[in-house]
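Working notes, beginning with the structure itself.
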Amino acid sequence: MRTDSRPIKTKKSIKQALLIILKEKDISCITISELAEAAGVSRKTFYLHYKDIAEILDEIKNDLLCLFNESVMKERRVGFRVRMLNFINNIVQRVNADEKYYALMASSNYAKIIFNPLEDKLREELIFALNTETKLEKEKKECLVDFLIGGIINSVLNWARNPEGISTEAESNILFEIINNNIACYLNNDFNGY
């Protein structure tokens, strides 16, 4: 039995239209009529899927959390470097698979708000890894985590904004090389496992 993909496509059109409009307008100035027209749907169709614009923004944030949850390696017995490599490879490949959508997210004036929940989840994962695999002081861990999150998120955002740039594989390799070489040197091989 085939599932009807129309609701998925309609919701995606509405989310993409919102992200495009957010490049030019504040969310408080966007009307449902304007958004429905930009998405190519009627107001009635809009209300079949969403109650308001804030709900769409929440769903966009949820899309990123799903991206994170699908990308993060759940096996915590595997070392930090392996988990980071798998995470980076997965997230870059998934962004590449739907580059238009993520490029719109990355270029939105609300990108910081949209990406905050993802940063929180990434922070949680990195703190866990550093707590279990290093003996770094709390201040150094916090600084290192901020550095990693800023680097990873900004690199992926910049990559998503420029689809004509480097390949998925090159982006993954560069991010991992930076993390592996520089961070491992900083930690002076303080990891318990690879």
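Basis for what follows: all heavy atoms, side chains included, without hydrogens, waters or symmetry-related copies. What you are looking at is a predicted structure, and each value in this text was computed from that prediction instead of being measured. Here, residue 1 is the first one in the sequence, and each next residue gets the next number.
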Practice item. For Ile113 and Lys61, run side-chain contact (heavy atoms from CB on, under 4.5 Å): C-alpha distance rounded to whole Å, both residues' side-chain angles, the deciding distance at 0.1 Å, then the answer. Key: CA-CA 8 Å; Ile113 293 168; Lys61 290 179 197 176; 3.7 Å; yes
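Separating the CG atom in Asn62 from the CD1 atom in Ile114 is a distance of 12.5 Å, to the nearest 0.5 Å. Distance check: Ile174 CD1 to Ile166 CD1 gives 4.0 Å after rounding to the nearest 0.5 Å. Atom CG in Asp52 sits 6.5 Å away from atom CD1 in Ile32 (nearest 0.5 Å). If you take CD1 on Ile60 and CD on Gln16, they are separated by 9.5 Å, rounding to the nearest 0.5 Å. The CD1 atom of Ile53 sits 6.5 Å away from the CG atom of Leu18 when rounded to the nearest 0.5 Å. Going from atom OH of Tyr110 over to atom CG of Leu22 covers 6.0 Å, rounded to the nearest 0.5 Å.
The shortest side-chain heavy-atom distance between Leu48 and Thr10 does not fall under the 4.5 Å cut-off. In this structure, the side chains of Asp58 and Tyr50 stay at 4.5 Å or more apart for every pair of heavy atoms. Side-chain contact check for Glu124 versus Lys121: some heavy-atom pair is nearer than 4.5 Å.
Identified under the salt bridge (Lys or Arg N to Asp or Glu O under 4.0 Å) test for residues 19-28, with sequence neighbours left out: Lys25-Glu34.
In this structure, the salt bridge (charged side-chain N to carboxylate O under 4.0 Å, His left out) partners of Asp146, at least two apart in sequence or on a different chain, are Arg123. Partners of Lys15 according to the salt bridge (charged side-chain N to carboxylate O under 4.0 Å, His left out) rule, which considers only residues two or more places apart in sequence or in another chain, are Glu59, Asp63.
Of all heavy-atom pairs spanning Gly151 and Leu175, the tightest one is O-CD2, 4.2 Å. Across every non-hydrogen atom of Leu35 and Ile14, the tightest pair is CD1-O, 3.8 Å. Closest approach of Ile21 to Ala38, counting heavy atoms only: CD1-CB, 3.8 Å. Of all heavy-atom pairs spanning Ser33 and Arg43, the tightest one is OG-NH1, 3.1 Å. Residues Glu55 and Lys51 share a closest heavy-atom pair of OE1-N, 2.6 Å.
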